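Below is one structure, written out as structure tokens; comments come after it.
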Amino acid sequence: MEGRSVGSSPAPPPPLHPAIAPLSYLLGRWRGQGEGGFPTINSFAYGEELLFSHSGKVASLISLCVLLFLDLISLEQPVIAYSQKTWKLASGEPMHAESGYWRPKPDGSIEVVIAQSTGLVEVQKGTYDAENKIVTLQSELVGNASKVKEITRVFEVVNGELSYVVQMATVITNLQPHLKALLKKV
Ligand code: HEM
């Protein structure tokens, strides 16, 4: 067959949008374990995988599917696609999942929208510190939730490991930790 030269190098990925570059350390797939709790529930352990992707940087098969979906907007607007899935550590049975978009701005602020598998949706606003690799988010809107009033999320990369803490307030409980996890890049 003609036309395809087997030995030629693949085209280099397009450059990162400058607004995405400060968060490029997040791009890729992360896997690890977490612990959940709240004053009103029994604590639990879970496995987790996170994927941060961007049309200019990630080339795995799953990312390509995300990119196909993102193509129209990612060319014009800097955005990182985010997806998460969790499972019971003992059985591997699926637990909570969520996905959304992270929109960092050049001034160090960031807006994140997340849709959860429970039906709950979040609009989060906050800041990122590229040097210390910390993203701090505070819900501006929590929608379609029967109990949850407020959610905060803090993501931090230290020594190449990604940790996060999620806190929530419900109709009967003030802001308390619900989740913490530690993940490694895979
Ligand atoms: C319980 C919200 C993420 C697993 C709950 C409850 C709420 C909630 C409102 C009930 C608390 C109560 O009854 O007082 C959220 C929110 C999340 C989140 C807003 C994300 C921001 C997760 C994740 C997992 C998880 C990632 C699993 C890995 C559980 C479990 C319970 C629970 C196992 C206890 C259920 C039960 O005992 O019936 N969550 N959750 N949650 N959540 Fe989450």
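Counting convention: from 1, in listed order, for ligands and their atoms alike. Just so it is clear, the values below take in all heavy atoms, side chains as well, and ignore hydrogens, waters and symmetry mates. Quick caveat: nothing in here was measured; it's all calculated off a predicted structure.
Heavy-atom separations between Gln116 and ligand 1 include at least one value shorter than 4.0 Å.
Heavy atoms only, all atoms of each residue included: His54 and His17 are closest at CE1-N, 4.0 Å. Between Tyr46 and Leu179, the shortest heavy-atom contact is OH-CB, 3.5 Å. Considering all non-hydrogen atoms of both residues, Leu89 and Ala45 come closest at CD1-CB, 3.7 Å. Listed here is the closest heavy atom pair of Pro78 and Ile20: C-CD1, 3.7 Å. For the residue pair Lys180 and Val165, the shortest heavy atom distance occurs at CB-CG2, 4.3 Å.
Among protein heavy atoms, the minimum distance from atom 9 (C) of ligand 1 is reached at Val148 CG2, 3.4 Å. Scanning the protein heavy atoms around atom 4 (C) of ligand 1, the nearest turns out to be Phe44 CZ, 3.1 Å. The nearest protein atom to atom 11 (C) of ligand 1, hydrogens excluded, is given as Thr40 OG1, 3.8 Å; this is a heavy-atom distance. Looking from atom 13 (O) of ligand 1 to the surrounding protein, the closest heavy atom is Lys147 NZ, 2.7 Å.
Of the protein's heavy atoms, at least one falls inside 4.0 Å of atom 33 (C) of ligand 1. Note that atom 38 (O) of ligand 1 has no protein non-hydrogen atoms nearby, at separations under 4.0 angstrom.
No close placement of the Trp30 and Tyr164 rings is indicated, their centers lying 6.0 Å or farther apart.
Near Thr86, meaning under 4.0 Å from one of its heavy atoms, ligand 1 places the atoms 27 (C), 28 (C). Those atoms of ligand 1 that come under 4.0 Å of a heavy atom in Arg153, given as number and element, are 20 (C), 21 (C). Within ligand 1, counting atoms from 1 as listed, the ones closer than 4.0 Å to a heavy atom of Val166 are 21 (C).
The backbone N or O of Gln138 lies less than 3.5 Å from a partner atom in the side chain of Gln124, making a donor-acceptor pair.
Phe52 and Tyr25 fall within the same hydrophobic cluster, defined by Ile, Leu, Val, Met, Phe, Trp and Tyr side-chain heavy atoms under 4.5 Å apart, directly or through other members.
The shortest distance between side-chain heavy atoms of Thr136 and Thr127 falls below 4.5 Å.
Listed by chain and number, His178 NE2 are the protein N/O/S atoms closer than 2.8 Å to atom 43 (Fe) of ligand 1, with waters left out.
The ring-ring contact (aromatic ring centres under 6.0 Å, His included) analysis of residues 108-152, with sequence neighbours excluded, yields no pairs.
Salt-bridge check for Lys85 with Glu98: failed, with every basic side-chain N at 4.0 Å or more from each acidic carboxylate O.
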